[in-house]
Amino acid sequence: MTTRIDACFEKARAENRPVLVTYTMAGDPDAETSLAVLKNIVASGADIVEFGLPFTDPVADGPAIQAAGLRAIDAGQTARKTLELVKEFRKECPDTPVILMGYYNPIYSYGPVKFVADAKDAGVDGFIVVDVPAEEDDELCLPAMEAGLAFIRLVPPTADDERLPVILKNSSGFVYHVSINGITGSATPDYSVVSNALARIRKYTDLPIVVGFGVKTGEHAAALGEHADGVVVGTALVNQIASTFADGNKATDATATSVNHMVADLAAGVRKAKKS
């Protein structure tokens, strides 16, 4: 069966371009605003959306996403409420792939089997769970795949030829290559290094490979898109959203549409990139 993720990459391949993947935090600064932001992101040209599951200790994320998670938690956002937002999103955006990205603790507290079932019912297409290693696939990866949901792995630049097959063994949907050593939003990737890394990863998988961490502009997206199957942007969008807040991290009239110009620029960048 062709999934929404498969269809998205097939469409981009037919257009000889990479996909644009965006990340925002569910419930930042409140549930209603984050849902409006998500819809505007799709309307502005994103192909796949990642919705962050708020967590108090996001070890792979930089200060911007850490702050977004804490704002969401302070506003009452939970894993259950995040699934409810996805269900609402599906009413207007039935075809856009939705990936939940986060950490295992909230899923473990919810109950992994129930979370997988409820996520599928809400319209989720896959998971990126940063702190579940390949050695623990029985915990969440295999139940998700059995339910027809993708389990997307992060591949760091430090993964060698011994580690790569282990990471990629049960990967599905696409592969997420972390382009830098460090946390999200900390640096801009070296395009030649990324190109070499992608060539090495492709020895071990036929899945599409997207690149994230450090992408901020349409120019960055175009440069990386010549080599990757997709480009991920997160911190820049989270910062853009936060720049509109007033009165103690409250949304303003400008918040919901604040991402439109940036996403349109990024979408133009990936559509300008011609894959080699």
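At least one side-chain heavy atom of V37 sits less than 4.5 Å from a side-chain heavy atom of T24. At least one side-chain heavy atom of F115 sits less than 4.5 Å from a side-chain heavy atom of L100. Side-chain contact between I99 and Y176: absent, with no pair of heavy atoms (C-beta onward) separated by less than 4.5 Å. You'll find the side chain of Q77 reaches within 4.5 Å of the side chain of T82, heavy atoms only. Counting heavy atoms from C-beta on, the side chains of T96 and F89 come closer than 4.5 Å. Annotation: side chain of F245 is in contact with side chain of D28 (closest heavy-atom distance under 4.5 Å). Within the 4.5 Å cutoff, side-chain heavy atoms of L164 are placed close to those of V155. A 4.5 Å side-chain heavy-atom check between V132 and V129 finds at least one atom pair inside the cut-off.
Residue E88 holds its CD atom at 12.5 Å from CG of L83, rounded to the nearest 0.5 Å. We find the OG1-CG distance between T217 and L266 to be 7.0 Å, quoted to the nearest 0.5 Å. Considering NZ of K91 and NZ of K39, their distance stands at 8.5 Å, rounded to 0.5 Å. The CD atom of Q240 sits 5.0 Å away from the OG atom of S258 when rounded to the nearest 0.5 Å. Distance CD/E92 to CG/L35: 7.5 Å, rounded to 0.5 Å.
For the residue pair D47 and P97, the shortest heavy atom distance occurs at O-CD, 3.3 Å. Across every non-hydrogen atom of V238 and A68, the tightest pair is CG1-CB, 3.7 Å. Here the closest non-hydrogen pair linking I209 and H177 is CG2-CB, 4.0 Å. When all heavy atoms of G27 and L85 are compared, the pair lying nearest together is N-CD1, 4.2 Å. In plain terms, the two heavy atoms of R90 and D95 that are nearest each other are NH1-N, 4.2 Å. Of all heavy-atom pairs between A75 and P29, the closest is CB-O, 3.3 Å.
By the 4.0 Å N-to-carboxylate-O rule, D161 lies close enough to R200 to be salt-bridged with it. With respect to D6 and K11, no salt bridge is recorded, no charged nitrogen being found less than 4.0 Å from a carboxylate O. For the pair E135 and R163, the salt-bridge criterion is met [side-chain N within less than 4.0 Å of a carboxylate O]. Between K81 and E84 there is no salt bridge, since no side-chain nitrogen of the basic residue lies less than 4.0 Å from a carboxylate oxygen of the acidic one.
With hydrogens and angles disregarded, no donor-acceptor distance shorter than 3.5 Å links the side chain of D229 to the backbone of P208. Looking only at distances, no side-chain donor or acceptor of S109 sits under 3.5 Å from a matching main-chain atom of P106. The closest donor-acceptor contact from the side chain of D125 to the backbone of V98 lies under 3.5 Å. Under a 3.5 Å cut-off, the side chain of R202 and the backbone N or O of T205 do not form any donor-acceptor pair. When atom types are taken as modelled, the side chain of R153 and the backbone of L168 share no donor-acceptor pair closer than 3.5 angstrom. Side chain of S171 to main chain of I167: a donor-acceptor pair is present (N/O by atom type, distance under 3.5 Å, no hydrogens or angles). Remark: side-chain polar atoms of D265 are paired, donor with acceptor, to backbone N or O of G218 under 3.5 angstrom. The backbone N or O of A36 sits less than 3.5 Å from a side-chain atom of N40, completing a donor-acceptor pair. Under a 3.5 Å cut-off, the side chain of S34 and the backbone N or O of A31 do form a donor-acceptor pair.
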Check the pair R71, D30 against salt bridge (Lys or Arg N to Asp or Glu O under 4.0 Å), reporting the backbone distance first and the verdict last.
CA-CA 8 Å; R71 288 192 297 265; D30 60 73; over 6 Å; no
Begin with the C-alpha distance, continue with both residues' side-chain angles, and end with the deciding distance and a verdict on side-chain contact (heavy atoms from CB on, under 4.5 Å) for V232 and V211.
CA-CA 6 Å; V232 187; V211 177; over 6 Å; no
Take E15 and R271 through the salt bridge (Lys or Arg N to Asp or Glu O under 4.0 Å) test and state the conclusion after the steps.
CA-CA 8 Å; E15 297 171 359; R271 283 159 177 77; 5.3 Å; no
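Transitive grouping of hydrophobic side chains (ILVMFWY, heavy atoms separated by less than 4.5 Å) keeps I241 and L70 in distinct clusters. In the hydrophobic clustering of this structure, I73 does not group with Y23; members are Ile, Leu, Val, Met, Phe, Trp, Tyr whose side-chain heavy atoms approach within less than 4.5 Å, directly or through other members. Hydrophobic clustering of Ile, Leu, Val, Met, Phe, Trp and Tyr side chains at less than 4.5 Å, counting indirect connections, unites V116 with Y104.
Outside the 6.0 Å centre-distance limit, the rings of Y108 and Y103 are not counted as a close aromatic pair.
In summary, the side chains of E50 and T22 do not present any donor paired with an acceptor at a separation below 3.5 Å, with no hydrogens or angles considered.
A perpendicular orientation is assigned to the rings of F127 and F151, their planes being inclined by more than 60° (bins at 30° and 60°).
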